[in-house]
Amino acid sequence: MYIFDSVKKEKREFIPLQEGKVSLYVCGPTVYDDAHLGHAKSALVFDLLTRVLSANALDVTYARNITDIDDKIIKKAIAQKKDIKDITDFYTDAFHKEMSAIGVSRPDIEPKATESLNAMFEMMQKLIDSGHAYTTKDGDVYFDTASDSEYLTLSKRVQDEDDRQERVESSSLKKNPADFAMWKSVKDGSLTYDSPFGAGRPGWHLECSAMIEKHLAKPDTAFAVDIHGGGADLLFPHHENEAAQTRCSSNHELANYWMHNGFVNIDGEKMSKSLGNSFFLKDALKEYDGEVLRFYLLSTHYRSNFNFNTEDLATAKKRLDKIYRLKKRLFGLAPNSDTTEFQTKLLEALSDDMNVSTALALIDEMLSNANETLDTAGKHKALKKETISNLAYIEKLLGFGVKNPFEYFQFGMDEETKSAIATLMEKRDTAKKEKNFEESDRLRDEILAFGVSLMDTPAGTFWEKV
RNA sequence: GGUGCCAUCGCCAAGUGGUAAGGCCGUAGCCUGCAAAGCUACUAUCCCCAGUUCAAAUCUGGGUGGCACCUCCA
């Protein structure tokens, strides 16, 4: 298994801290709004990673946090006159449902900020005690970046006087403009959390470091976790700050391997809330099967920037369709348990820093071979079983082709339409048997008008939604 | 301004020193009552310039053009 380490900037062979085991931590969503395609991409990438690691006989412990304490949440709660928990519960639930729709499994551990406060307090106290953090007279707690000689080594930034962090966190009580808040005291009372440092709320970076320490870190290893992942934008300042907190409060560095996934852009522009061009997952799921979105978002290498457009999405669907058509041809057969050469190669491709492109090329090749064999020598039972087993392997490893193939091709069609189509198909069948092709073609046109395509096969006639 | 990434067929996209995977689209053919699906065949020398090397899309230098981060952000 090879992983591109985005801090060392090179592909490295993956060697776990503990033999046979992997700890993976990924920065999850802040639950104050609907998930967009970018959240989906990130979740998908690390979902695939866990599958590939597992297929390499590694026992993966995967944690992804839910940030349910945040200024934006508080702001929304005030604006909508709701409880914070109502908002965070709502979006957490929506997130889970949408992730499930694109085939993303739940992580093994899903810590919430609200449930990790004690771990955060502990870490803060350690940092204060060791001189890496300080309290201001306003009651804020800041991380003292000057106290960490390794600060900025992660993102390889150069500290300059024009540091932009100053612009935003302009508290004059900070020792250094680069210092970041671990605890922000709030005086108004209502929407705060109690702590040994007074009422307030934690800084965003703190929760990840604290959760990792609490849920994943082993005391005697050089790194808290094997792999830490997240979106490319998180490298600085988020991961830099996380790394500093962990480094200064424990005896290990944060992660042995860092993985950052590329961005999803729309029409060449970054999708972001401030630009107002977010494409929400829930909207995409109304129009497309979640698995199509999964296939599309995963079809480009995870580190590349991804430019979303519906034409490419349609192309991705066509490719996924081919998997399902083969599945349809072999429907009802049970797989055998042999490991085929195809499966070995597929895993090999994905084990090379998740080279999905090569994997897809292998799949297309397998699909062609199988179809060709089925066209010419349709009776070969062993070959059919082998193909089914290959398809099952693709399902397991990539999550493609997991649905019933007939239902897959009927995505979004209501029962009324389906039965109307069925009626017309019966009539067409009768006309065909009577060799009344004029009538059968007329009926076909009528069926096609429902936005489906029709295919006559030896096993009968099937329709697919276009 | 600082830092970093990228530039491969009409489109999407692998390949990171040994002579360009795959998909979509297109064309031709097989199959089909006709279609659809499936199958077969055909289509690029890798942004530009210079250099290193027996050999470069792949390394180095210089251009040009995109993009990202430096502020909450997947």
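Since we're looking at a predicted model, the values are computed, not measured. Below, chains carry the letters A, B, ... as their sequence lines are ordered, and counting in each starts from 1.
Taking the P atom of each, G15(B) and C31(B) are spaced 40 Å apart, rounded to whole Å.
Pair assignment for U3(B): A68(B), on the basis of Watson-Crick or G-U wobble contacts that are both within less than 3.5 Å. Applying the Watson-Crick and G-U wobble criteria (two distances, each under 3.5 Å), G29(B) pairs with C39(B). Searching all strands for a Watson-Crick or G-U wobble partner of A74(B) with both distances below 3.5 Å returns nothing.
Not a single donor-acceptor contact under 3.5 angstrom links the side-chain atoms of N355(A) to the base of G15(B). In terms of polar N and O atoms assigned as donor or acceptor, the side chain of R444(A) never comes within less than 3.5 Å of the base of A36(B) in a complementary pairing. Side chain D233(A) to base C72(B): no donor-acceptor pair is found below 3.5 Å. Judged by atom type and distance alone, H36(A) reaches the base of A74(B) through a side-chain donor-acceptor pair under 3.5 Å.
Closest contact between the side chain of R319(A) and the listed nucleotides G22(B), A74(B), G38(B) involves G22(B). For S440(A), whose side chain is taken as the heavy atoms from C-beta onward, the closest listed nucleotide among G23(B), G33(B), C67(B) is G33(B). Of the candidate nucleotides C39(B), C69(B), G23(B), C39(B) has the atom lying nearest to any side-chain atom of D375(A). Listed candidates were A14(B), C25(B), A36(B). Nearest to the side chain of H301(A) is A14(B).
Listed by chain and number, the residues in a side chain to side chain contact (heavy atoms under 4.5 Å, CB included) with K282(A) are D34(A), E98(A), F280(A) (sequence neighbours excluded). For A224(A), the side chain to side chain contact (heavy atoms under 4.5 Å, CB included) partners two or more places apart in sequence, or in a different chain, are I212(A), E213(A), A217(A), T246(A), H252(A), L254(A).
The shortest side-chain heavy-atom distance between K112(A) and V31(A) does not fall under the 4.5 Å cut-off.
Under a cut-off of 6.0 angstrom, the local environment of NZ in K317(A) is crowded, with over 12 non-hydrogen atoms contributed by other residues, nucleotides or ligands.
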